[in-house]
Each structure stands twice: as C-alpha cells, then as structure tokens.
Amino acid sequence: MSSQPPAQRSTTLHKVGEVATNVILGALFTLFAYAAYLDWRDTGHIQSLILSIQEAIIVWLLIVRRSTRDSSREWSDWAVAILGTAAPLLQRAGGTPLPYMDTVGTAIQILAVGLSVVATVSLGRSFGVVAANRGVQAGGAYRFVRHPLYGSYAIGYIGFLLGNPTLANIALIAVAFTCQYLRAIAEERVLARDPAYQQYLKQVRYRFIPYIF
C-alpha cells in the first residue's frame, strides 16, 4: 500500500496525468504540423505552411504552460475541446476557388497568423485545450475580447476555405466554429469561479469580435 496521504496521492496523480496529457497533445500537434509542412513541400500551397507554423506555436505552448488551478471534469467539455482542436487540422488543400479568392484567402490567413501570435503572446503560459484556470489574463489582446485566440482561428479557417472550397473543408470548419463557441462557454464557466475573472467579465463584454460579438 502507498504511504502517501490521499490528498498527496491525488496531487501526484494529477501532476502525472497533466504531464502525460501534455506529451500526448504535443506529439499529436507535432504530427499535424509536420503533415502540413509536407503538404506545403509537395504542393507549394502557402496555406499549408501557415497551418504548420500555427501548430508549431501550439506545441511550444503545451511545453511551457502552467499547471491548472481548476479544470472542468465534464466529458462534454473535453469532447468539444478535442473535436474543436482536431477538426480544423484535418482540412486539406483542394477545390477550385473563385477568381482571386486564393490570393484573398492567403492574405486573410497571414492576418490570422499575426492575430494568433498576438493572442498567444498575451495568453502566454495560461494556454490550455480543455476548460481550465491557468491564471486569468486581462492584458494584451484580452483587453478587447475574452477569446482572441479563438477569434484568430476563425479568421484563419475562413481564409483557408476561400482558397480551398471543398465540401469536406466546409463541414470541418462548421464543426470547428461550433466547438470553439462551446469551448469559450465552458472556459468562462470554469474561470468564473475565480473572483478575478468575475471582475474581468464586467470589463470586457465581447467574446470574439470587439463591439460586435
């Protein structure tokens, strides 16, 4: 039998589980980033290179992120987090875009990457996949909207779709949009247990787009 008190065992198991989760997610995002890179190398599609860069940033965040102070144990929150993360990674270049839409889509994706980097830097080590409290962030991009990273993802999805208008990509992006919205709701529910976030909610009204939504 273990000589550790129950509370200490629970803390140890939590830390082990968190490390294992980071390793699994890091490996998964690395594979997706590499697959996107290979697609760019073979086809020359700049969108695939951009997608590869986005996923590489996430791998870094998974390595350096903080431990959770509080996290959701709802299976539905885990499901939408995993599905919302995986769905856009399954997009593939293809289809026949309308005239100039490939160029417009690429420009939008570049904008989205820039916004994503700003949001990522603002979030820092509080990055997470499943709804959790890794520290309330209220500076940088988070002064304007509560979920700037999800907003930047949405812009990137639209840019990719404009250049790659296939039915499969449309379906995947619809799933991603829905899941990202549900993830935002779940995160706010968990974070609202923190008085600091309750104050933040009063200061920042919009979730994704300033003054709109």
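In this chain, numbering begins with 1 at the start of the sequence shown.
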Participant: Can you name the nearest heavy-atom pair linking Tyr157 to Gly84, along with the distance?
Facilitator: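 Heavy atoms of Tyr157 and Gly84 come nearest at OH-O, 4.3 Å.
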Participant: Can you see which heavy atom on Ala119 is nearest to which on Tyr142, and at what distance?
Facilitator: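 Heavy-atom minimum between the residues: O-CE1, 3.7 Å.
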Participant: Say you draw a straight line from CG of Leu162 to OG1 of Thr103; how long is it, rounded to the nearest 0.5 Å?
Facilitator: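 Those atoms lie 11.0 Å apart.
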Participant: Taking Ile110 as the starting point, is it possible to reach Val121 by hopping between hydrophobic residues whose side chains are less than 4.5 Å apart?
Facilitator: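 Yes, it is one cluster - the side chains of Val121 and Ile110 are joined through contacts under 4.5 Å.
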Participant: Could you grab the distance from atom CD1 of Ile173 to atom CG of Leu90, nearest 0.5 Å is fine?
Facilitator: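 Separation between the atoms: 11.5 Å.
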Participant: For residues Leu115 and Phe208: do they belong to one hydrophobic cluster (side chain heavy atoms under 4.5 Å, members Ile, Leu, Val, Met, Phe, Trp, Tyr)?
Facilitator: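 As far as the 4.5 Å side-chain criterion goes, Phe208 and Leu115 are connected within one cluster.
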Participant: Would you find a donor on one side and an acceptor on the other, under 3.5 Å apart, between the side chain of Ser126 and the backbone of Gly135?
Facilitator: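 Checked: pair present.
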Participant: With side-chain contact (heavy atoms from CB on, under 4.5 Å) as the criterion, how do Phe144 and Tyr211 come out once you've worked through the C-alpha distance, each side chain's angles and the decisive distance to 0.1 Å?
Facilitator: CA-CA 9 Å; Phe144 306 102; Tyr211 308 109; 5.7 Å; no
Participant: If hydrophobic clusters are built from ILVMFWY residues whose side chains come within less than 4.5 Å, do Tyr150 and Ile82 share one?
Facilitator: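 Unlinked, Tyr150 and Ile82 end up in two clusters.
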Participant: Strictly distance-based, threshold 3.5 Å: is any side-chain N or O of Asn169 a donor or acceptor partner for the main-chain N or O of Gln91?
Facilitator: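 Looks like no, no N/O pair under 3.5 Å.
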Participant: Can Ile155 be reached from Ile209 by stepping across I, L, V, M, F, W or Y side chains whose heavy atoms are under 4.5 Å apart?
Facilitator: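 Both belong to a single hydrophobic cluster.
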Participant: Measuring from Leu83:CG to Leu182:CG, what's the distance to the nearest 0.5 Å?
Facilitator: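 Atom-to-atom, Leu83:CG and Leu182:CG are 10.0 Å apart.
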Participant: So, the side chain of Ser122 versus the backbone of Ala141: is there a donor-acceptor pair under 3.5 Å, distance only?
Facilitator: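 Here the side-chain-to-backbone pair exists.
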Participant: Could you go through Glu187 and His147, starting from their C-alpha distance and side-chain angles, then the distance that decides it, and tell me whether this counts as side-chain contact (heavy atoms from CB on, under 4.5 Å)?
Facilitator: CA-CA 10 Å; Glu187 288 179 8; His147 302 279; 3.6 Å; yes
Participant: Taking all heavy atoms of Val80 and all of Cys179, pick out the closest pair and write down the distance.
Facilitator: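 It is O-CB, 3.5 Å.
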Participant: Which heavy atom in Ala131 sits nearest to a heavy atom in Val190, and how many Å separate them?
Facilitator: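 Reported closest heavy-atom pair: CB-CG2, 4.0 Å.
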Participant: Roughly how far, to the nearest 0.5 Å, is the CG atom of Leu149 from the CD atom of Gln180?
Facilitator: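 Between Gln180 CD and Leu149 CG, I get 8.5 Å after rounding to 0.5 Å.
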Participant: Does Arg207 come within less than 4.0 Å of Glu188, counting only side-chain N to carboxylate O?
Facilitator: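 Looking at Arg207 and Glu188, the cut-off is met.
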Participant: With a 3.5 Å distance limit and no angle check, can you tell me whether Ser72 reaches the backbone of Asp77 through a side-chain donor-acceptor pair?
Facilitator: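 Not at all, since once roles are kept as given, no pair shorter than 3.5 Å links the two residues.
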Participant: Say whether Arg146 and Tyr206, considering side chains only, have a donor N or O and an acceptor N or O under 3.5 Å apart.
Facilitator: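 There is no such pair (donor and acceptor under 3.5 Å, judged by atom type) between the side chains of Arg146 and Tyr206.
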Participant: Can you tell me how far the CH2 atom of Trp40 sits from the CD1 atom of Ile53, to the nearest 0.5 Å?
Facilitator: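 If I round to the nearest 0.5 Å, the distance is 9.0 Å.
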Participant: State, to 0.1 Å, how close Phe160 and Ala93 come at their nearest heavy-atom pair, and which atoms those are.
Facilitator: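 It is CZ-N, 3.8 Å.
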Participant: Among the clusters formed by ILVMFWY side chains lying less than 4.5 Å apart, do Ile158 and Val175 turn up in the same one?
Facilitator: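 Not linked; separate clusters.
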Participant: Return the orientation label for the Tyr37 and Tyr34 ring planes: parallel under 30°, perpendicular over 60°, tilted otherwise.
Facilitator: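 It falls in the parallel class, under 30°.
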Participant: Please indicate whether Ile212 has more than 12 foreign heavy atoms, meaning atoms of other residues, nucleotides or ligands, lying under 6.0 Å from its CD1.
Facilitator: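 Yes.
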Participant: Over all heavy atoms of both residues, which pair between Leu191 and Tyr197 is shortest? Give the atoms and the distance, please.
Facilitator: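 Looking at all heavy atoms of both residues, the closest pair is O-CB, 3.1 Å.
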Participant: Once you measure the plane-to-plane angle for Tyr181 and Phe213, does it fall in the parallel (<30°), tilted (30-60°) or perpendicular (>60°) bin?
Facilitator: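 Geometry flag for Phe213 against Tyr181: parallel rings.
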Participant: Does Ser116 reach the main-chain N or O of Ala112 with its side chain, forming a donor-acceptor pair under 3.5 Å?
Facilitator: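 No, because the side chain of Ser116 does not come within donor-acceptor range (under 3.5 Å) of the backbone of Ala112.
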Participant: For Gln198 and Arg193: C-alpha separation, side-chain torsions, deciding distance, then whether side-chain contact (heavy atoms from CB on, under 4.5 Å) applies.
Facilitator: CA-CA 8 Å; Gln198 293 175 16; Arg193 299 168 189 163; 6.0 Å; no
Participant: Within this structure, what is the OG1-CD1 distance for the pair Thr106 and Ile108, rounded to the nearest 0.5 Å?
Facilitator: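 So the gap between those two atoms works out to 9.5 Å.
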